[in-house]
Amino acid sequence: MSASVIATEQVWLDKYKYDDAERQYYENLSGGSSPNNPHNSPQSAAPSNSGDGSELAARVANLEQENQSLHKVVKDLQSAISKLEIRLSTLEKSSNSQKPAAAPQPVIKVAAPVQKVQVTPAKEENGTGEDDDDDIDLFGSDDEEEDAESARLREERLKQYAEKKSKKPGVIAKSSILLDVKPWDDETDMAKLEECVRTVQMDGLVWGSSKLVPVGYGIKKLQIQCVVEDDKVGTDILEEEITKFEDYVQSVDIAAFNKI
């Protein structure tokens, strides 16, 4: 029980007892025992002293051997460190010697600006009027005729291009519209309602197919397709014209609108 407690304890509270026992033991070994004790007689202590001496000698020999091995390890470490220092210094010297030399600065040659000097022949003043002849443009009339001719050709080409462009048909924007025309009640004549709707005629308006779609409580709405030109027919005008038939039409809604 005491051994297990000692093994689990982390604080040695009664260490002084063991120190005293150890000190007393070594005092007994060194011959400091009392003469009255029969066990401390030289005859009885001789064997124990010889055994303890051999044990101490063995311990001293082990310590000396460990000391020698430690000295050897220290020497090996010192030699390895010295080798590393030598290698490091060698590498530093080689890196310093292999540094590239500074590249020579390129020499830029700047050419001196050359001034152009225009030399004009000296005019002879002999009083014959040659200076006035030099100022006369003998070919000026031909240049004027060429300018007029080129202007006329340019005007003709522009006129032809404008006429050709005006004759070319442009892209007409069209839209497909699906209208929901709702009657007042279930007694409304849907055939007459469709007939009234198709009487709406405009430039750029083409009526398509139609069908009756049930709404509820026996009431049906007229769903009719038409194609319009965007520049000529608007949805507001189309709804306004259809709602003029107040006896048959209650309202007009746009169910679908798609560009063609």
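Please read these numbers as outputs of a predicted model, since none were measured by experiment. All residue numbers refer to positions in the sequence shown, counting from 1.
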A.B. asks: What distance separates Asp253 CG from Gln250 CD, expressed to the nearest 0.5 Å?
C.D. replies: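 Asp253 CG to Gln250 CD: 9.5 Å, rounded to 0.5 Å.
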A.B. asks: Among the clusters formed by ILVMFWY side chains lying less than 4.5 Å apart, do Val215 and Leu222 turn up in the same one?
C.D. replies: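 In one cluster with Val215: Leu222, no.
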A.B. asks: For the hydrophobic clusters of this structure (ILVMFWY residues joined by side-chain heavy atoms under 4.5 Å, transitively), does one cluster hold both Phe245 and Ile254?
C.D. replies: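 Shared cluster, yes.
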A.B. asks: Ignoring hydrogens and geometry, is there a side-chain-to-backbone donor-acceptor pair from Trp207 to Thr199 under 3.5 Å?
C.D. replies: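 No, the answer is negative, given that no donor and acceptor are paired below the 3.5 Å cut-off.
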A.B. asks: Please report the interatomic distance CG(Leu56) to OG(Ser54), rounded to the nearest 0.5 Å.
C.D. replies: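 Rounded to the nearest 0.5 Å, the CG-OG separation comes out at 8.0 Å.
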A.B. asks: Closest heavy-atom contact between Leu179 and Cys226?
C.D. replies: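 Closest approach of Leu179 to Cys226: CD1-SG, 4.4 Å.
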A.B. asks: Hey, does the side chain of Asn28 reach the backbone of Gln24 with a donor-acceptor pair shorter than 3.5 angstrom?
C.D. replies: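 Present.
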A.B. asks: With a 3.5 Å distance limit and no angle check, can you tell me whether Asp76 reaches the backbone of Ser79 through a side-chain donor-acceptor pair?
C.D. replies: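 No, because the side chain of Asp76 does not come within donor-acceptor range (under 3.5 Å) of the backbone of Ser79.
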A.B. asks: Applying the 4.5 Å side-chain criterion to the ILVMFWY set and letting contacts propagate, would Val197 and Trp184 be lumped into a single cluster?
C.D. replies: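 No, it is not one cluster - the side chains of Val197 and Trp184 are not joined through contacts under 4.5 Å.
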A.B. asks: Does the side chain to side chain donor-acceptor pair (under 3.5 Å) test come out yes or no for Gln225 and Ser210, once each step is laid out?
C.D. replies: CA-CA 6 Å; Gln225 186 86 22; Ser210 63; over 6 Å; no
A.B. asks: CD1/Ile219 to CE/Met190 distance, rounded to the nearest 0.5 angstrom?
C.D. replies: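 Going from the CD1 atom of Ile219 to the CE atom of Met190 covers 10.0 Å.
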A.B. asks: Mind running side-chain contact (heavy atoms from CB on, under 4.5 Å) on Glu66 and Leu63 for me, showing each step along the way?
C.D. replies: CA-CA 5 Å; Glu66 291 178 359; Leu63 289 174; 4.1 Å; yes
A.B. asks: Passes side-chain contact (heavy atoms from CB on, under 4.5 Å), Asn258 versus Ile177? Steps please.
C.D. replies: CA-CA 7 Å; Asn258 296 314; Ile177 304 174; over 6 Å; no
A.B. asks: Using side-chain hydrogen bond (donor to acceptor under 3.5 Å, both in side chains) as the criterion, list what pairs up with Glu241, not counting sequence neighbours.
C.D. replies: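 So Glu241 forms a side-chain hydrogen bond (donor to acceptor under 3.5 Å, both in side chains) with Lys244.
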A.B. asks: Under a 4.5 Å cut-off applied to non-hydrogen side-chain atoms, are Met202 and Val200 in contact?
C.D. replies: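 Yes. Closest side-chain heavy atoms under 4.5 Å.
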A.B. asks: Are side-chain heavy atoms of Leu193 and Val181 found at a separation under 4.5 Å?
C.D. replies: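 Counting from C-beta outward, Leu193 and Val181 do come under 4.5 Å.
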A.B. asks: How close do Ile86 and Thr90 get, counting heavy atoms only, and between which atoms?
C.D. replies: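 For Ile86 and Thr90, the tightest heavy-atom pair comes out as O-OG1, 2.8 Å.
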A.B. asks: Distance only, no hydrogens: is a donor on one side chain within 3.5 Å (strictly under) of an acceptor on the other, for Ser150 and Asp147?
C.D. replies: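 On atom types as modelled, these side chains do not qualify, holding no pair under 3.5 Å.
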A.B. asks: Report whether Ile242 and Leu212 are members of the same hydrophobic cluster (ILVMFWY, side-chain heavy atoms less than 4.5 Å apart, transitive linking).
C.D. replies: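 Looking at the clustering, Leu212 is in the same group as Ile242.
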A.B. asks: Within this structure, what is the OH-CG distance for the pair Tyr161 and Leu158, rounded to the nearest 0.5 Å?
C.D. replies: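 Those atoms lie 10.0 Å apart.
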A.B. asks: Please list all pairs passing the salt bridge (charged side-chain N to carboxylate O under 4.0 Å, His left out) test where one or both residues lie in residues 209-236, with sequence neighbours left out.
C.D. replies: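 Matches after skipping sequence neighbours: Asp180-Lys221, Asp203-Lys232, Glu229-Lys232, Asp230-Lys259.
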A.B. asks: Taking a hydrophobic cluster as the set of Ile, Leu, Val, Met, Phe, Trp and Tyr residues connected by side-chain heavy atoms closer than 4.5 Å, whether directly or through intermediates, do Ile172 and Val227 fall within one such cluster?
C.D. replies: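 No, Ile172 does not connect to Val227 through the hydrophobic network.
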A.B. asks: Assess whether a salt bridge exists between Arg152 and Glu149, defined as any Lys/Arg side-chain N lying under 4.0 Å from an Asp/Glu carboxylate O.
C.D. replies: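 The answer is yes: the pair qualifies as a salt bridge.
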A.B. asks: Under the criterion side chain to side chain contact (heavy atoms under 4.5 Å, CB included), which of Glu156, Glu163, Arg157 is the partner of Lys159?
C.D. replies: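 Among Glu156, Glu163, Arg157, the one meeting side chain to side chain contact (heavy atoms under 4.5 Å, CB included) with Lys159 is Glu163.
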A.B. asks: Please report the closest heavy-atom contact between Leu238 and Leu205, naming both atoms and the distance.
C.D. replies: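 Result for this residue pair: CD1-CD2, 3.9 Å.
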A.B. asks: Please name all residues satisfying salt bridge (Lys or Arg N to Asp or Glu O under 4.0 Å) with Asp20, sequence neighbours left out, ordered by chain then number.
C.D. replies: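 In terms of salt bridge (Lys or Arg N to Asp or Glu O under 4.0 Å), with neighbours along the sequence ignored, Asp20 is linked to Arg23.
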A.B. asks: For the atom pair CD (Glu194) and OH (Tyr248), what is the distance rounded to the nearest 0.5 Å?
C.D. replies: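 Rounded to the nearest 0.5 Å, the CD-OH separation comes out at 13.5 Å.
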A.B. asks: Report the distance from atom OG of Ser89 to atom CZ of Arg87, rounding to the nearest 0.5 Å.
C.D. replies: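 So the gap between those two atoms works out to 11.5 Å.
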